[in-house]
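Written below as structure tokens is the structure these notes are about.
Each ligand, and each atom within it, is numbered from 1 in the order the structure gives.
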Amino acid sequence: MRHSSLLAAFAGVVLSISLSVHAETWNMPTPYPDTNFHTININDFAKEIAAKTNNQLDIKVHSAGSLFKHPEISKAVRSGQVPIGEFFMSLANNEMPVFGLDALPFLATNYDEAKKLWDAQKPVAEALLDQQGMMLLYSVAWPPQGLYTKKEIKTVDDLKGLKFRSYNATLEKFASAVGAAPTQVEAPDIAQAFSTGRVEAMITSPSTGVDSKAWDFLDYYTDIQAWIPKNIVVVNKSAFRKLDKATQEAILAAAASAEQRGWELSKAENTKQVQVLKDNGIKVISPSPELMSSLKAVGATMLEDWKKTTGTDGEKILKAYQ
Ligand code: PCA
């Protein structure tokens, strides 16, 4: 071997040793299944970070609550048990009501409104996360939330007494207000909760309806487009600070593209997944005006109650939004 190629081989060995010494793996818990567009988007986010850092940062996605159950994910990031995670933003409503605004019925019901609401929420949400040692990376909206039932729902009275699957405190309140009986069930457990009779109706997106094969246990999807909630991806601040500048920048750039890509995916998702529901025999119907006006009246009361819990932060956001 000539001197120069020996040297090159040696340099190669040194390089690969130093790469393997510095390469880092970040475990990332997420709540939703691999088929869900949020998870698909996160996997692309992880790939982009790997590519941008020459595999120096490997984000290992643990979907469907497999590493931490959904209600534990924000605490796990906050305490540094994991450096990064995804959760449903309005799940944090109990401790921080500001995070629950996007799940209030009929406040923001299309993507333009949802985006405007996010622009208004974001600075306050960032400050609250910062106080908890976390940093916001990005947020992506779910498609509009619709009503899944076994029987056709013509008026709000048809909801009375139904065992209702809920996913946060706000939806629980809404379900109780219309006379249904809510139970908290995480997305990966929906199919089992229906098949064992624990629940018999739900409000969620066409995406989660498809993920859980709603046609196996439900017959109607009433397209009430009641709200557009969001997921957020957050990072532990001190874990982020420990990274070198180039890696930090790679994460921020990948987060910006994930946010953009995610909102576009979400819009396309609504049309696509409503069609999948139809193809599998779910009757997709438009709500009656009576049903809508009763549901909206409940939403208006809930907004008033929400304002009371958030004080000036809430006022600031609503003013910016409206
Ligand atoms: N799917 C999630 C949250 C909102 C949505 O559309 C769920 O049902 O748990």
May I ask you to list the atoms of ligand 1 that are less than 4.0 angstrom from any heavy atom of Ala187?
-> 9 (O)

Lys116 with Asp119: basic N within carboxylate O range, under 4.0 Å | no

Within-cut-off N or O pair, Ser205 and ligand 1, under 3.5 Å | yes

Can an N or O of Trp142 be found at a distance shorter than 3.5 Å from an N or O of ligand 1?
-> no

For atom 1 (N) of ligand 1, what is the nearest protein heavy atom, given as residue, atom name and distance?
-> Thr208 OG1, 2.6 Å

For Thr204, take its heavy atoms, then give the atoms of ligand 1 lying under 4.0 Å from any of them.
-> 1 (N), 2 (C), 5 (C), 6 (O), 7 (C), 8 (O)

Is any side-chain N of the basic residue among Glu172 and Arg165 closer than 4.0 Å to the acidic one's carboxylate O?
-> no

Hey, is Arg165 one of the residues with a heavy atom under 4.0 angstrom from ligand 1?
-> yes

Side chains of Asp102 and Trp118: is there a donor and an acceptor less than 3.5 Å apart?
-> no

Give the atoms of ligand 1, by number and element, whose distance to some non-hydrogen atom of Tyr32 is under 4.0 Å.
-> 2 (C), 3 (C), 9 (O)

Taking non-hydrogen atoms only, is Met202 closer than 4.0 angstrom to ligand 1 via side chain, backbone, both or neither?
-> neither

Just checking, is any N or O donor in the side chain of Glu48 or Ser257 under 3.5 Å from an acceptor N or O on the other one?
-> yes

Any side-chain donor-acceptor pair under 3.5 Å between Lys75 and Gln81?
-> no

Verify whether one side chain among Glu290 and Thr155 offers a donor that lies under 3.5 Å from an acceptor in the other.
-> no

